[in-house]
Amino acid sequence: MASLVTYKYIKQNPDIMEYIQRADKTLEVMGYTEHSFPHVERVAAVSAMILETLGYDERTIELARIASMMHDIGNVINRIDHAQSGAVMAFRLLDNLSMPASEICSVIAAIGNHDEGTGMPLDPISAAMIIGDKTDVRRSRVRNTDLLTFDIHDRVNYAVELSKVHFNDDNTSIILELQIDTEISSVMEYFEIFMNRMLLCRRASEFLGVHFEMIINGSKIL
């Protein structure tokens with residue numbers, strides 16, 4: 001059965017938009033970086049770019065965009081186990097929109113497996129979304145405007161002056177390229193926060209049949 005649920009429709013659905021906004025508000029109160037529309041739209045764009053480059057069909061790419069848009073809604077309940085609670089919430093929302101069960105399974109599997117503490121790549125959609133999510137590190141995600149009270153997450157994100165995800169020339173490696181102001185945060189401090197996320201990106205890339213590389217300030221780190 002063909003589905004009428006599209007990424008464009010999801011972005012215009014007022015209920016889903018409310019969950020995204022309220023989930024981000026929860027994280028703001030808890031002191032986390034931005035997880036609102038700039039984040040989920042970037043995850044959707046990177047996920048789609050990866051699957052397009054690797055030759056996946058248009059509906060698979062569309063489902064990755066949909067999963068990316070909805071992947072953090074579980075934060076409206078709590079940060080703990082937000083991937084699993086978000087998957088359950090997404091099931092109800094998408095089931096009410098009459099999305100076919102086969103597509104719902106793909107979307108909620110991606111949402112339920114995007115957290116580095118519990119997740120793993122299960123299919124191309126979940127693998128691409130993991131990479132899109134875990135590589136979103138940038139200065140504009142920092143909410144705190146007082147540099148003197150920055151915690152390590154603030155410093156690491158604020159230090160990133162350039163963040164780009166792209167393939168190498170022969171499409172055998174996905175590359176996360178960062179330019180970091182080391183006077184704000186050291187490369188070692190970056191890895192203290194993001195090592196598990198980068199290892200999950202490596203697993204996700206391997207699932208897709210490619211390598212994962214990281215370049216920081218012009219030097220290959222992974």
Let me know which of D15, N13, I20 forms a side chain to side chain contact (heavy atoms under 4.5 Å, CB included) with M17.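 Per the side chain to side chain contact (heavy atoms under 4.5 Å, CB included) rule, the option paired with M17 is I20, out of D15, N13, I20.
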
So does [X] have more than 12 non-hydrogen atoms from other groups sitting under 6.0 Å from [atom1]?
{"X": "L162", "atom1": "CG", "answer": "yes"}
{"X": "Y19", "atom1": "OH", "answer": "no"}
{"X": "E58", "atom1": "CD", "answer": "yes"}
{"X": "M188", "atom1": "CE", "answer": "no"}
{"X": "D169", "atom1": "CG", "answer": "no"}
{"X": "H211", "atom1": "NE2", "answer": "no"}
{"X": "R22", "atom1": "CZ", "answer": "no"}

Is the closest side-chain heavy-atom distance between [X] and [Y] below 4.5 Å?
{"X": "I152", "Y": "E189", "result": "yes"}
{"X": "T118", "Y": "N113", "result": "no"}
{"X": "L208", "Y": "P124", "result": "yes"}
{"X": "N217", "Y": "L178", "result": "no"}
{"X": "T6", "Y": "I66", "result": "no"}
{"X": "I174", "Y": "E213", "result": "no"}
{"X": "T60", "Y": "L51", "result": "yes"}
{"X": "I50", "Y": "F167", "result": "yes"}

Using the rule that Ile, Leu, Val, Met, Phe, Trp and Tyr join whenever any side-chain heavy atoms are under 4.5 Å apart, tell me whether [X] and [Y] fall into a single cluster.
{"X": "I131", "Y": "I175", "result": "no"}
{"X": "L93", "Y": "V43", "result": "no"}
{"X": "M214", "Y": "V46", "result": "yes"}
{"X": "L147", "Y": "V156", "result": "no"}
{"X": "L27", "Y": "M89", "result": "no"}

Got a list of side-chain donor-acceptor pairs under 3.5 Å for residues 193-204, not counting sequence neighbours?
unit_1: R197; atom_1: NE; unit_2: E116; atom_2: OE2; d: 3.2

Going through the distances and angles, do V88 and Q84 end up as a side chain to side chain contact (heavy atoms under 4.5 Å, CB included)? CA-CA 7 Å; V88 174; Q84 289 75 31; 5.9 Å; no

Return the minimal non-hydrogen interatomic distance between [X] and [Y], and the atom names on each side.
{"X": "R139", "Y": "I184", "value": "NH2-CD1, 3.7 Å"}
{"X": "I216", "Y": "I180", "value": "CG2-CD1, 3.7 Å"}
{"X": "S47", "Y": "A64", "value": "CB-CB, 4.3 Å"}
{"X": "H114", "Y": "I111", "value": "ND1-O, 2.7 Å"}

Quick one: [atom1] on [X] to [atom2] on [Y], what's the gap to the nearest 0.5 Å?
{"X": "M70", "Y": "M129", "atom1": "CE", "atom2": "CE", "result": "11.0 Å"}
{"X": "N75", "Y": "I80", "atom1": "CG", "atom2": "CD1", "result": "11.0 Å"}
{"X": "E41", "Y": "R65", "atom1": "CD", "atom2": "CZ", "result": "12.0 Å"}
{"X": "F91", "Y": "I108", "atom1": "CZ", "atom2": "CD1", "result": "7.0 Å"}
{"X": "S185", "Y": "Y158", "atom1": "OG", "atom2": "OH", "result": "13.0 Å"}
{"X": "I104", "Y": "L94", "atom1": "CD1", "atom2": "CG", "result": "5.5 Å"}

Any salt bridge between K134 and D136, counting N to O under 4.0 Å?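 Salt bridge absent between K134 and D136.
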
Are R138 and E161 within salt-bridge range, i.e. N to O under 4.0 Å?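 Salt bridge between R138 and E161, a charged N being under 4.0 Å from a carboxylate O: no.
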
Using the salt bridge (charged side-chain N to carboxylate O under 4.0 Å, His left out) rule, take R143 and D24 through it: C-alpha gap first, then chi angles, then the decisive distance, then the call. CA-CA 11 Å; R143 306 181 200 265; D24 183 56; 2.5 Å; yes

Pairs in or reaching into residues 20-62: which pass ring-ring contact (aromatic ring centres under 6.0 Å, His included), with residues at least two apart or in two chains?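 Output for this query lists H35-H39, H39-H71.
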
[Y] versus [X], side-chain donor and acceptor atoms under 3.5 Å:
{"X": "E34", "Y": "S140", "value": "no"}
{"X": "N78", "Y": "S85", "value": "no"}
{"X": "N168", "Y": "T172", "value": "yes"}
{"X": "S163", "Y": "R42", "value": "yes"}

Keeping the roles fixed (side chain from S126, backbone from D123), state whether a donor-acceptor pair exists under 3.5 Å.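 Looks like yes, one N/O pair under 3.5 Å.
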
Verify side chain to side chain contact (heavy atoms under 4.5 Å, CB included) between D133 and S68, making sure each step is shown before the conclusion. CA-CA 8 Å; D133 182 41; S68 298; over 6 Å; no

May I have the step-by-step check of side chain to side chain contact (heavy atoms under 4.5 Å, CB included) for I125 and S106, ending in yes or no? CA-CA 7 Å; I125 293 170; S106 295; 3.8 Å; yes

Passes side chain to side chain contact (heavy atoms under 4.5 Å, CB included), K25 versus V29? Steps please. CA-CA 6 Å; K25 284 292 184 184; V29 171; 5.7 Å; no

Sequence-distant partners of T145, side chain to side chain contact (heavy atoms under 4.5 Å, CB included), two or more places apart: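 With sequence neighbours excluded, T145 shows a side chain to side chain contact (heavy atoms under 4.5 Å, CB included) to no residue whatsoever.
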
Between T149 and N144, is a side-chain hydrogen bond (donor to acceptor under 3.5 Å, both in side chains) present by the stated rule, with each step listed? CA-CA 8 Å; T149 61; N144 188 355; 3.0 Å; yes

